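Data first, discussion second: the structure below is written as structure tokens.
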Amino acid sequence: MNRPVIRETPTSLPGFRLWPGALDAAAQKTLMDQVLAAAETAPFYRPVTPGGRPFSVEMTGMGSLAWVSDRAGYRYQPTHPVTGQPWPPMPQTLLDLWDALTGWPAPPDACLVNLYRGEARMGLHQDRDEADLTAPVLSVSLGDTAVFRIGPAEGGKTHGLKLASGDVCALMGPARLARHGIDRLLTGSSQLVPGGGRINLTLRRAL
DNA sequence: GAGTTCCA
DNA sequence: ATAG
């Protein structure tokens, strides 16, 4: 990355790690441009749940695999569901960030790109569609600040925190299966995403 | 606003 | 049935 991580904020949930401002403005812009370039060939689309209800977020992906949802269920697949083309490659900056922050010995093979605009949100859920549930999940926030909600895997009390552009967080170890979601955006808090909104990059090992 | 339960 |  252009710039090393400055600090890690302690959190009350063991295994949930937060690096506020891990990416400086220049690194955010570089990454934003890379995501927009990827979206030229892998356009954002709106998935549906297995029950046929549309998501409020739009999605695309990068890397050898990306997570998709449709009437057939949840899965990782190697191609864009609309174009049928392979996902664009994962930017090297993301592979470097994964190495630097997680130290996991194998690189991520999937990067889900979620676009939040307006009232878009993501209900509380667990990431459990990956083959190896011990590998970390790394999340990069770009654009508008969002209220992120997280709580224990077993259920119980959750708490909300703001994730701003350039913040990076991880679910690892005992927090790997933590319940988490996005309550709402603070619309207009950033100008990074063209047309406004927030883009979240989620790096995972799907296989 | 936060947290729980239910529905499908 | 699902991250709705």
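Keep in mind that this is a model prediction, so the values were computed, not measured. Residue numbers begin at 1 in each chain, while the letters A, B, ... track the order of the sequences.
- Using a 4.0 Å cut-off on heavy atoms, the residues of residues 114-125 of chain A that approach DNA chain C are A:Arg121, A:Met122, A:Gly123, A:Leu124, A:His125, listed by number.
- Of the candidate nucleotides C:dG4, C:dA3, B:dA2, B:dA2 has the atom nearest to the side chain of A:Asp183.
- Atoms CH2 (A:Trp67) and P (C:dT2) sit 11 Å apart, rounded to a whole Å.
- The interatomic distance linking A:Ile182 (CD1) with B:dA2 (P) rounds to 13 Å, in whole Å.
- The side chain of A:Leu112 has C:dA3 as its nearest neighbour among C:dA3, B:dT4, C:dT2.
- Rounded to whole Å, atom P of C:dG4 lies 14 Å from atom CZ of A:Arg179.
- Rounded to whole Å, atom P of B:dG1 lies 10 Å from atom CG of A:Leu186.
- Taking only side-chain nitrogens and oxygens, A:Thr158 comes nearer than 4.0 Å to OP1 or OP2 of B:dG3.
- Nearest heavy atom pair, residue A:Arg121 against residue A:Val57, reads O-CG1, 3.7 Å.
- Using a cut-off of 4.0 Å between Lys/Arg side-chain N and Asp/Glu carboxylate O, A:Asp183 and A:Arg149 are scored as salt-bridged.
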Dot-bracket encoding per residue of DNA chain B, Watson-Crick/G-U cut-off under 3.5 Å, | denoting interstrand
......|.
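- Minimum interatomic distance between A:Gly61 and A:Val113 (heavy atoms only, all atoms of both residues): CA-CG2, 4.2 Å.
- Side-chain contact of A:Asp24 with A:Gln28: a donor-acceptor pair under 3.5 Å is absent, judged by distance alone.
- For B:dG3, one of the phosphate oxygens OP1 or OP2 lies less than 4.0 angstrom from a side-chain nitrogen or oxygen of A:Arg149.
- Just one residue in the list A:Tyr76, A:Tyr74, A:Trp67 forms a side chain to side chain donor-acceptor pair (under 3.5 Å) with A:Asp129, and that residue is A:Trp67.
- Between the side chains of A:Gln34 and A:Thr93, at least one donor N or O sits under 3.5 Å from an acceptor N or O.
- B:dA2 atom C1' lies 16 Å from atom CZ of A:Phe148, rounded to whole Å.
- Considering only side-chain N and O atoms, A:Arg53 lies nowhere under 4.0 angstrom from the phosphate OP1 or OP2 of B:dA8.
- A:Gly181 comes within 4.0 angstrom of nothing in the nucleic acid, heavy atoms only.
- Nucleic acid contact class of A:Arg46 (heavy atoms, under 4.0 Å, all strands): none.
- In this entry the distance linking OH of A:Tyr74 with C1' of C:dA1 reads 9 Å, nearest Å.
- When A:Arg176, A:Arg205, A:Arg75 are each tested for a salt bridge (Lys or Arg N to Asp or Glu O under 4.0 Å) with A:Glu130, only one passes: A:Arg176.
- Taking the six-membered ring for Trp and the full ring otherwise, the centers of A:Phe16 and A:His180 sit at least 6.0 Å from each other.
- Across all their heavy atoms, A:Pro47 and A:Tyr45 have their closest contact at CD-O, 3.4 Å.
- A straight line from NE2 of A:His180 to P of C:dT2 spans 17 Å, rounded to a whole angstrom.
- Taking atom NZ on A:Lys162 and atom C1' on B:dG1, their separation rounds to 13 Å, with Å as the unit.
- Donor-acceptor pairing under 3.5 Å is lacking for the side chains of A:Ser165 and A:Asp167.
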